[in-house]
Undergrad: 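Sharing a structure with you now.
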Amino acid sequence: MIRARAHPAPYRQRGMGLGAVLIVIVLVVFFVRVAIAMVPAYAGYWQVRSIMDRMPEKPEVIAKGPRSILQSLGMQLNINNVGNISRKDFKLERVDDGLNLLLSYQVREHLIANVDVVMTFDHEVLLETP
C-alpha cells in the first residue's frame with residue numbers, strides 16, 4: 001500500500017519581523033541620543049559636587065569668608081574646565097554651625113525637533129566656621 005505524504009507543517013516564523021526590527025532600531029537610536037545629550041551634564045554635576053564636597057577640607061578658605069569661598073570655587077571650576085556652571089549658581093547661607101554652600105541650576109539640552117530635556121541639579125554642603 002502506498003501512503004500519501006502528509007502536507008508539511010505550515011511555515012512558522014521564528015524571530016522578529018522587519019517591523020519589530022525597525023522599532024527596536026528606532027528605540028536604540030533614541031536612547032543613545034538621550035544619553036549623548038544627558039551624560040555631559042551629569043559628568044559636570046559630578047565634578048562640581050566633588051569640588052563642593054572637598055571644600056570643608058579647606059578651613060583657611062572658609063575662615064576668610066564668603067568672597068574667598070566663591071573665589072576658590074571659581075578657580076576650581078576653571079581648573080576642572082567646567083563651563084556650564086558659574087559662580088552665580090552658588091549661594092551661601094548663614095546657619096548656626098557656619099555657612100551652607102548651595103548649588104542649584106538647570107541644564108536644557110535639545111534632543112529632536114521640538115523636544116528638549118531639562119535637568120535640574122541641587123546640592124548643598126555645610127561649611128563649619130572655625
Undergrad: How long is the span from the CZ atom in R54 to the CE atom in M52, to the nearest 0.5 Å?
TA: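 It is 12.0 Å, given to the nearest 0.5 Å.
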Undergrad: Taking all atoms of both residues into account, what is the closest heavy-atom pair of D116 and H110, and its distance?
TA: OD1-ND1, 3.0 Å
Undergrad: Please step through side-chain hydrogen bond (donor to acceptor under 3.5 Å, both in side chains) for the pair Q47 and N80, ending with a clear verdict.
TA: CA-CA 8 Å; Q47 273 188 316; N80 290 334; 4.9 Å; no
Undergrad: Do V24 and V32 share a hydrophobic cluster (ILVMFWY, side-chain heavy atoms under 4.5 Å, transitive)?
TA: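 Yes, because V24 and V32 connect within a single hydrophobic cluster, where side-chain heavy atoms sit under 4.5 Å apart.
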Undergrad: Find out if a path of hydrophobic residues (ILVMFWY) with successive side-chain heavy-atom gaps under 4.5 Å connects V21 to V29.
TA: yes
Undergrad: Is any side-chain heavy atom of L73 less than 4.5 Å from a side-chain heavy atom of I51?
TA: yes
Undergrad: Check whether R33 reaches the backbone of L111 with its side chain - one donor and one acceptor, N or O, closer than 3.5 Å.
TA: yes
Undergrad: Going by side chain to side chain contact (heavy atoms under 4.5 Å, CB included), I23 matches just one of V26, I25, L27. Which one?
TA: L27
Undergrad: Hydrophobic cluster membership, with links at side-chain heavy-atom distances under 4.5 Å among I/L/V/M/F/W/Y: are F31 and M38 in one?
TA: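 Result: yes, single cluster for both.
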Undergrad: Output the distance between atom CG (L101) and atom CD1 (I69), rounded to the nearest 0.5 Å.
TA: 7.0 Å
Undergrad: Considering only heavy atoms from C-beta outward, does the side chain of L103 approach that of F121 to under 4.5 Å?
TA: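 Sidechains of F121 and L103: no contact.
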Undergrad: Side-chain heavy atoms under 4.5 angstrom apart, residues restricted to Ile, Leu, Val, Met, Phe, Trp, Tyr: same cluster for W46 and V117?
TA: yes
Undergrad: Minimum heavy-atom separation for A35 to P40, with atom names?
TA: O-CD, 4.3 Å
Undergrad: To the closest 0.5 Å, what do you measure between CD1 (I62) and CD (E57)?
TA: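 Answer for the CD1-CD pair, I62 versus E57, is 9.5 Å.
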Undergrad: Report the C-alpha distance between E109 and M119 in whole Å, list the side-chain angles of each, state the deciding distance to 0.1 Å, and finish with yes or no for side chain to side chain contact (heavy atoms under 4.5 Å, CB included).
TA: CA-CA 8 Å; E109 287 291 332; M119 296 164 278; 3.9 Å; yes
Undergrad: Could you pull out all residues at least two apart from K58 that satisfy side chain to side chain contact (heavy atoms under 4.5 Å, CB included)?
TA: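 In terms of side chain to side chain contact (heavy atoms under 4.5 Å, CB included), with neighbours along the sequence ignored, K58 is linked to M55, E60, V61, S72, Q76.
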Undergrad: So E93 and L99, do their side chains get closer than 4.5 Å, heavy atoms only?
TA: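 Not in contact.
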Undergrad: Should M16 and V28 be counted in the same cluster of Ile, Leu, Val, Met, Phe, Trp and Tyr side chains packed under 4.5 Å apart?
TA: yes
Undergrad: Out of curiosity, N84 CG to L77 CG, how far, rounded to the nearest 0.5 Å?
TA: 9.5 Å
Undergrad: Identify the two heavy atoms, one from V82 and one from G44, that lie closest to each other, and give their separation to 0.1 Å.
TA: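 Distance-wise, the nearest heavy atoms are CG1-O, 4.5 Å.
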Undergrad: Judged by atom type as modelled, is there a donor-acceptor pair below 3.5 Å linking the side chain of Y45 to the main-chain atoms of H123?
TA: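 Such a contact is absent between Y45 side chain and H123 backbone.
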Undergrad: Under 4.5 Å between any side-chain heavy atoms of L102 and L92, yes or no?
TA: no
Undergrad: Taking side chain to side chain contact (heavy atoms under 4.5 Å, CB included) as the definition, give me every residue that meets it alongside S86, ordered by chain and number, with sequence neighbours left out.
TA: K88, D89
Undergrad: Check the pair V107, Y105 against side chain to side chain contact (heavy atoms under 4.5 Å, CB included), reporting the backbone distance first and the verdict last.
TA: CA-CA 7 Å; V107 177; Y105 70 101; 3.5 Å; yes
